[in-house]
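Notes follow once the structure below has been shown.
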Protein chains: 2
Amino acid sequence: MQSSNRRPGKIGRPPRLSREAILSAAQRILDEEGTGSLSMRRLAKELSSTPMALYHHVRDKDELLMMLLDAHAERFPRPELPEPPRDRLIACAQILHDILVGCPWVVEVLVSDSFASASAMWIVENMVDALIECGLTEEDAAYAYRVIWYYTVGELTLRFNRERARDQNQEAAPYRTRVMAAVAADDFPRLAVLGPRWVELTSADNQRRGLVAVVDGLLAQNA
Amino acid sequence: MQSSNRRPGKIGRPPRLSREAILSAAQRILDEEGTGSLSMRRLAKELSSTPMALYHHVRDKDELLMMLLDAHAERFPRPELPEPPRDRLIACAQILHDILVGCPWVVEVLVSDSFASASAMWIVENMVDALIECGLTEEDAAYAYRVIWYYTVGELTLRFNRERARDQNQEAAPYRTRVMAAVAADDFPRLAVLGPRWVELTSADNQRRGLVAVVDGLLAQNA
DNA sequence: ACCTGAACACCGTTCAAGT
DNA sequence: ACCTGAACACCGTTCAAGT
């Protein structure tokens, strides 16, 4: 793509847009108008330009989102890590989660491609390293990392979408309501006992506790 | 919505479309043309009708997808369940996964709302029941169910999107390739050792093994 | 080299009217 | 009661041309 900072042998038209300008405009839209508002067209408007001009600086929308995520990960403070490898593993997985929880718009990109942010790779490295130090083979470490990653993606995806649904229309889908009513009336005694608490309980913030269970389950399985 | 099977006191125009016809046409499109091809407009065309006619029979696209999922769950064989509650829990979670793995188009709906299929509720009921029989409180059982659900959703979401990406363009996003190259060259020794195997290892089919680890981790945590 | 305008090929959904 | 046609308010991306 581009790399020029106005080179001496000035060839061609001078650029008006830059990757940095595009990224910061995109971040501004995300912050001020929310996840749903970032489109290539809206972004072009923000920059007083045209949609197509953007394609000179980024390959496509996915790459744009990935770069935004990368920038966010880079800004994130890198804390001291605790030492027994199990604790380091949990700490790293939690950091990964905490980085991503700040980017609701990331769902699209998490879901469309494997996570590949250069600025967050140290976390993945540390997780795999901790797993190996816990006695797992390289293959098992890669698999265990993946299980933690699945949990994290599932938690984030459902969290963001729950928030989004609550934001825009609180009057829940009628289909869901009907199913829930059937559950309460029918022969599902366990769910009926939980009753209306069911929804609240299952959306309570137990992310960290679940993470610890997943990690310890993996370590026990591979001990 | 509709409920009529040509009532004697025939009032108004007789229906040409029905919920069943809509659902089976939608399923046909999904089977023959793939997940990406199902739109309200395409579906209307399949039925030689107009997009708006559909809205007389289903509330919106999400409800349509939910009903499709429900129909799929209903067709699914309901096997004998093993008996120590831990094994029953694993079996049920696996069935839930197996039902969903047959519906790649389900990602949209999993992600947009909590799972609420009347035909699959017996599985959730069984999972919560097994967790309580394992000694968890009702609240802890609801939370543990949720953790398993997050793992399942993450696994499915990433699985489907990996497949979709492989299907349409094998020449992977250049951004991702660049990051991977940096990883190999830079100071991530653990990931570098795994090297090109990294991607394959992390996408290998270890779904069941991960599920067992998650379940046992949860049971150990709540023992 | 960088940017523009117009177009392509779509979406889900609503509104007002027709039968 | 059920369906249609036209429109609203969008998408991401490509192509051919302009400066």
Side-chain angles (χ1 to χ4, degrees), chain A residues 1-22 25-26 29 33-66 105 108-109 112-113 164-165 168-169 173-174, chain B residues 1-22 25-26 29 33-66 105 108-109 112-113 164-165 168-169 173-174:
Chain A
M1 310 273 127
Q2 52 78 265
S3 57
S4 57
N5 289 2
R6 51 205 210 71
R7 264 118 66 240
K10 48 190 167 184
I11 30 158
R13 190 169 172 169
R16 286 194 352 173
L17 261 35
S18 68
R19 217 172 245 214
E20 296 75 49
I22 291 173
I29 294 171
E33 290 166 55
T35 300
S37 299
L38 183 65
S39 70
M40 297 306 264
R41 295 168 122 98
R42 173 73 190 82
L43 180 53
K45 205 160 274 169
E46 183 79 8
L47 291 157
S48 312
S49 184
T50 60
M52 255 319 286
L54 302 173
Y55 287 87
H56 253 267
H57 301 267
V58 297
R59 155 161 290 233
D60 54 22
K61 200 189 177 186
D62 266 21
E63 186 174 283
L64 177 70
L65 292 176
M66 207 55 228
W105 44 269
E108 288 173 66
V109 78
S112 76
D113 194 34
R164 197 159 47 117
Q168 54 193 216
N169 59 326
Chain B
M1 311 270 125
Q2 53 78 264
S3 57
S4 57
N5 288 2
R6 51 205 210 71
R7 263 121 61 241
K10 47 191 166 180
I11 31 160
R13 190 169 173 169
R16 285 194 355 173
L17 260 36
S18 67
R19 218 172 246 214
E20 296 74 49
I22 291 173
I29 293 171
E33 291 165 54
T35 301
S37 298
L38 183 64
S39 70
M40 298 305 265
R41 294 167 123 98
R42 174 73 189 81
L43 180 54
K45 205 161 275 169
E46 183 78 8
L47 291 158
S48 310
S49 184
T50 59
M52 256 318 287
L54 302 173
Y55 287 88
H56 253 267
H57 301 266
V58 297
R59 155 160 291 232
D60 54 23
K61 200 190 178 186
D62 266 21
E63 185 175 283
L64 177 70
L65 292 176
M66 207 54 229
W105 44 270
E108 287 173 66
V109 80
S112 76
D113 193 37
R164 196 158 49 117
Q168 56 192 214
N169 61 326

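Sequence lines set the chain letters: A, B, ... in the order given, protein chains first and strands last, and positions in each chain run from 1. Computed from a predicted structure; not experimentally measured.
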Got a list of protein N/O to nucleotides 13-15 of chain C N/O distances below 3.5 Å?
| residue | atom | partner | partner atom | Å |
| --- | --- | --- | --- | --- |
| C/dT13 | OP2 | B/Y55 | OH | 2.7 |
| C/dT13 | OP2 | B/K61 | N | 3.3 |
| C/dT13 | O5' | B/Y55 | OH | 3.4 |

side-chain contact (heavy atoms from CB on, under 4.5 Å) between A/L38 and A/W105, worked out:
CA-CA 9 Å; A/L38 183 65; A/W105 44 269; over 6 Å; no
Working for side-chain contact (heavy atoms from CB on, under 4.5 Å), residues A/R42 and A/I29:
CA-CA 8 Å; A/R42 173 73 190 82; A/I29 294 171; 4.0 Å; yes
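From A/K61, atom NZ reaches atom OH of A/Y55 across 9.0 Å, with rounding to the nearest 0.5 Å. Note that CG of A/L64 is 10.0 Å distant from CZ of A/R19, once rounded to the nearest 0.5 Å. Rounded to the nearest 0.5 angstrom, A/K45 NZ and A/T50 OG1 are separated by 11.5 Å. For the atom pair CE (A/M66) and CG (A/D60), the distance works out to 12.5 Å, reported to the nearest 0.5 Å. For the atom pair A/I22 CD1 and A/H56 NE2, the distance stands at 11.0 Å (nearest 0.5 Å). The distance from the CG atom of B/L54 to the CG atom of B/L43 is 5.0 Å, given to the nearest 0.5 Å.
Atoms CG (B/L43) and P (C/dG12) sit 10 Å apart, rounded to a whole Å. The NZ atom of B/K45 sits 12 Å away from the P atom of C/dA9 (whole-angstrom rounding). Atom P of nucleotide C/dA1 and atom CG of A/L17 are separated by 17 Å, given to the nearest angstrom. Rounding to whole angstrom units, NE2 of residue B/H56 and P of C/dG18 are separated by 16 Å. Atom CZ of B/R19 and atom C1' of D/dC2 are 15 Å apart (whole Å).
The strand DNA chain C forms stems, runs of 3 or more Watson-Crick or G-U wobble pairs with distances below 3.5 Å, at C:4-8 with D:12-16, C:12-16 with D:4-8.
Residue B/S39 places at least one side-chain N or O closer than 4.0 Å to OP1 or OP2 of C/dC11. Between A/H57 and C/dC2, a side-chain N or O to OP1/OP2 separation shorter than 4.0 Å is absent.
Taking the P atoms as reference points, D/dA9 lies 22 Å from C/dC8, given to the whole Å.
Not counting sequence neighbours, A/R41 has no partner by the side-chain hydrogen bond (donor to acceptor under 3.5 Å, both in side chains) test.
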